[in-house]
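Quantities reported herein were computed from a predicted structural model and do not represent experimental measurements.
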Amino acid sequence: MKRFTILLRHSPFQTMRNFEALRMTVGLTMSDNDKTLVLVEDAAYLVSAKAHPEAVHRFDPAKHLEFLADMEFPMWVEKESMAERGIQELRFQAEVKSRAEIAALLAESDAVVTY
């Protein structure tokens with residue numbers, strides 16, 4: 001069994017990159033491998049209670065994020081990224097992890113797909 005990490009770094013407001021990453025991540029739910037979705041830097045806005053990327057353009061992460069939560073797909077958001085951006089509340093289920101914990105996950109991963 002392999003360990004895959006999907007690492008999102010970019011803002012959900014400037015590109016369709018996050019939509020494509022989430023769509024690909026939904027597809028990974030079919031595999032038997034260990035996998036984790038990790039949100040760092042501006043991607044932390046995807047799960048913020050105050051951010052609504054769907055108001056800016058047609059991309060609405062809710063359906064993908066809710067599906068991943070229903071499938072119990074592990075999703076982590078970096079604590080330091082949240083603090084740097086003033087994010088205090090999450091509107092989607094995600095585990096808040098430290099930068100060191102995320103670094104350890106990346107080091108243990110067989111593959112890291114970065115968006």
Side-chain angles (χ1 to χ4, degrees):
M1 186 176 302
K2 302 270 185 188
R3 175 174 287 211
F4 291 94
T5 300
I6 302 89
L7 181 69
L8 276 67
R9 298 179 46 228
H10 298 280
S11 168
F13 302 107
Q14 301 168 343
T15 178
M16 294 296 288
R17 177 185 312 236
N18 289 312
F19 177 77
E20 292 302 323
L22 290 174
R23 196 166 63 94
M24 186 268 311
T25 303
V26 166
L28 285 176
T29 61
M30 304 301 262
S31 79
D32 290 332
N33 294 306
D34 287 335
K35 52 230 172 245
T36 306
L37 175 63
V38 178
L39 308 174
V40 299
E41 300 172 7
D42 285 344
Y45 287 121
L46 274 172
V47 293
S48 169
K50 292 185 179 182
H52 296 278
E54 67 276 8
V56 177
H57 52 73
R58 288 188 286 267
F59 166 55
D60 184 2
K63 73 177 186 177
H64 294 314
L65 293 169
E66 289 168 359
F67 177 81
L68 292 170
D70 289 345
M71 297 298 293
E72 298 179 359
F73 195 103
M75 182 172 18
W76 295 6
V77 61
E78 185 185 52
K79 179 172 65 173
E80 291 84 352
S81 293
M82 289 176 59
E84 290 165 4
R85 287 152 185 82
I87 299 170
Q88 297 176 352
E89 283 184 59
L90 302 179
R91 76 173 176 155
F92 298 102
Q93 181 180 339
E95 292 183 58
V96 178
K97 299 287 187 173
S98 70
R99 190 164 285 160
E101 290 172 302
I102 290 173
L105 173 70
L106 296 175
E108 296 170 1
S109 296
D110 294 303
V112 178
V113 180
T114 305
Y115 281 91

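- Residues Met24 and Met16 fall within the same hydrophobic cluster, defined by Ile, Leu, Val, Met, Phe, Trp and Tyr side chains chained together at heavy-atom separations under 4.5 Å.
- A single hydrophobic cluster is not seen to contain both Leu46 and Trp76; linkage of ILVMFWY side chains at heavy-atom distances under 4.5 Å, directly or through other members, places them apart.
- No single ILVMFWY cluster, assembled from side-chain heavy atoms under 4.5 Å apart, contains both Tyr45 and Val40.
- Minimum heavy-atom separation, Arg17 to Tyr115: CD-C, 3.5 Å.
- Leu37 approaches Phe73 most closely through the heavy-atom pair N-CE2, 3.6 Å.
- Smallest separation of non-hydrogen atoms from His10 and Asn18: O-ND2, 3.0 Å.
- In this structure Phe92 satisfies the ring pair (Phe, Tyr, Trp, His ring centres under 6.0 Å) test with no other residue, sequence neighbours excluded.
- Annotation: side chain of Met82 is in contact with side chain of Val77 (closest heavy-atom distance under 4.5 Å).
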| field | side-chain contact (heavy atoms from CB on, under 4.5 Å) evaluation trace for Met75 with Thr25 | value | CA-CA 11 Å; Met75 182 172 18; Thr25 303; over 6 Å; no

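- Shown here for Arg91 and Pro61, the closest heavy-atom pair between the two residues is NH2-CG, 4.2 Å.
- Atom CG of Asp32 sits in a sparse spot, with 12 or fewer heavy atoms from other residues, nucleotides or ligands closer than 6.0 Å.
- Remark: Arg85 CZ to Asp42 CG distance equals 4.5 Å, nearest 0.5 Å.
- Under a cut-off of 6.0 angstrom, the local environment of CD in Glu108 is crowded, with over 12 non-hydrogen atoms contributed by other residues, nucleotides or ligands.
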